[in-house]
Amino acid sequence: MPELPEVETVRRGLEKMVLGDTIEQVSALYPKIIQGDPKNFCQLLKERKILSIDRRGKYLIFNLSGELSLISHLRMEGKYFVKSSSDPLEKHTHVVFSLHGGKQLRYNDVRKFGRMELVPTSQKFEVSGIKKLGPEPTKAAFDTSVFYHKLNQKKKVVKTALLDQTLVAGLGNIYADEVLWLSRIHPETPSYRLNEQEVKLLHDNIIIELAKAIRAGGTTIRTYTDAFQHLGSFQFELHVYGKKGMPCERCGASIEKIVVGQRGTHFCPVCQKVK
DNA sequence: TTCTCTGTTAGAGA
DNA sequence: GTCTCTAACAGAGA
């Protein structure tokens, strides 16, 4: 499911619904979601208050009382929502956080790829995965010339490079295709062939597009919902993802779908030429 | 029925 | 180090 805009939308929803709540008890119905000992995980969370909720790349970080943080990655289809403890459990709910006052924060994940981990708050950015992340895609953090030099050193094609979270954090398969179309760059262009001007354009489009998608509450293609179980609306603003065979909005050519780095990749064969 | 596809990433092997 | 491929899993749609 989620790329950066969807995770950010989930984070904002959770802030509204569970910030300040205290965990009474936790049950891990599908323990493989949890890194480390699941019993220990459930035990450690008891009576912790949710003080703040951060995001880094596609990772959610719940900061809890007693200097403990819960790192959560939704991978393909992970979802959070809040229900009353009296509501029947959904089919794919795998971790239940019972909060004082009768609410439950439920983690639901059809494909069971999501992962959770507890770490001391002081080490929340040091866990594997987060430690290796590149800059957030914001004007303040994401530097064009650093991006250019990193792309320049890579042998991969640009689409694959964009999915590499160490160059810039947060892009996934949908937004990678979208920013390449916006920048008129063919997804199979070797990343070292991009000149500074093209990289600047790509860089700016990444910042603009992810911010726009956050404003739209993310993209719902099949199953994504935020913590309120609302759909996103950015799917109505996509230009190429999922548009195979439809006319390019710029030139009218038929959008093609190919496989790049084992991922479905959409592009316009006329506006996006390989260099 | 059976096959292919799906918003991710860690880890193995070259 | 760097790159590529696979596995983890379930369901929708052809």
May Y224(A) be described as stacking on the base of dG7(B), applying a 5.5 Å centroid limit and a 30° limit on plane angle? no
Can you tell me how far [atom2] of [N] sits from [atom1] of [X], to the nearest Å?
X: K154(A); N: dC3(C); atom1: NZ; atom2: C1'; result: 9 Å
X: I71(A); N: dA10(B); atom1: CD1; atom2: P; result: 13 Å
X: Y59(A); N: dT8(B); atom1: OH; atom2: P; result: 12 Å
X: E77(A); N: dG11(C); atom1: CD; atom2: P; result: 10 Å
X: E3(A); N: dT8(B); atom1: CD; atom2: C1'; result: 10 Å
X: R115(A); N: dG11(B); atom1: CZ; atom2: P; result: 10 Å
X: Y192(A); N: dC3(C); atom1: OH; atom2: P; result: 11 Å
X: K132(A); N: dC3(C); atom1: NZ; atom2: C1'; result: 14 Å

Indicate, with a heavy-atom threshold strictly under 4.0 Å, whether [X] touches base, sugar-phosphate, or nothing.
X: G264(A); value: sugar-phosphate
X: G129(A); value: sugar-phosphate
X: Y175(A); value: nothing

Taking for each residue the nucleotide of DNA chain C with the nearest heavy atom, is it D164(A) or K91(A) whose nucleotide lies nearer the 5' end? D164(A)
OP1, OP2 of [N] versus side-chain N and O of [X]: anything below 4.0 Å?
X: K79(A); N: dG7(B); answer: no
X: Q165(A); N: dT9(B); answer: yes
X: K58(A); N: dT9(B); answer: yes
X: H92(A); N: dA10(C); answer: no

Assign each of I130(A) and R111(A) the nucleotide of DNA chain B bearing its closest heavy atom; nearer the 5' end lies the nucleotide of R111(A)
Passing candidate, salt bridge (Lys or Arg N to Asp or Glu O under 4.0 Å) with R55(A), options E15(A), E136(A), E3(A): E136(A)
Closest nucleotide among [options] to the [X] side chain:
X: F113(A); options: dG7(B), dT4(C), dT8(B); value: dT8(B)
X: R263(A); options: dA10(B), dT9(B), dT6(C); value: dT9(B)
X: K156(A); options: dG7(B), dC9(C), dC3(C); value: dC3(C)
X: Y30(A); options: dG7(B), dC9(C), dT6(B); value: dC9(C)
X: K155(A); options: dC3(C), dA10(B), dG7(B); value: dC3(C)
X: Q262(A); options: dT6(B), dA10(C), dT6(C); value: dT6(C)

Would you measure the distance from the C1' atom in dC3(C) across to the matching atom in dG7(B) and give it in whole Å? 23 Å
Show the numbers, then the answer: is there a side chain to side chain donor-acceptor pair (under 3.5 Å) between T144(A) and H203(A)? CA-CA 6 Å; T144(A) 313; H203(A) 165 272; 3.3 Å; yes
Show, in sequence, the C-alpha distance, side-chain angles and deciding distance for Y59(A) and V7(A), and conclude whether the side-chain contact (heavy atoms from CB on, under 4.5 Å) test is met. CA-CA 7 Å; Y59(A) 292 82; V7(A) 179; over 6 Å; no
Aromatic contact, Y80(A) with F62(A) (centres under 6.0 Å): yes
Does the distance from a Lys or Arg side-chain N to an Asp or Glu carboxylate O, for D226(A) and K79(A), drop under 4.0 Å? no
Are side-chain heavy atoms of D87(A) and R106(A) found at a separation under 4.5 Å? yes
dG7(B) pairs with which nucleotide, Watson-Crick or G-U wobble, both distances below 3.5 Å? none
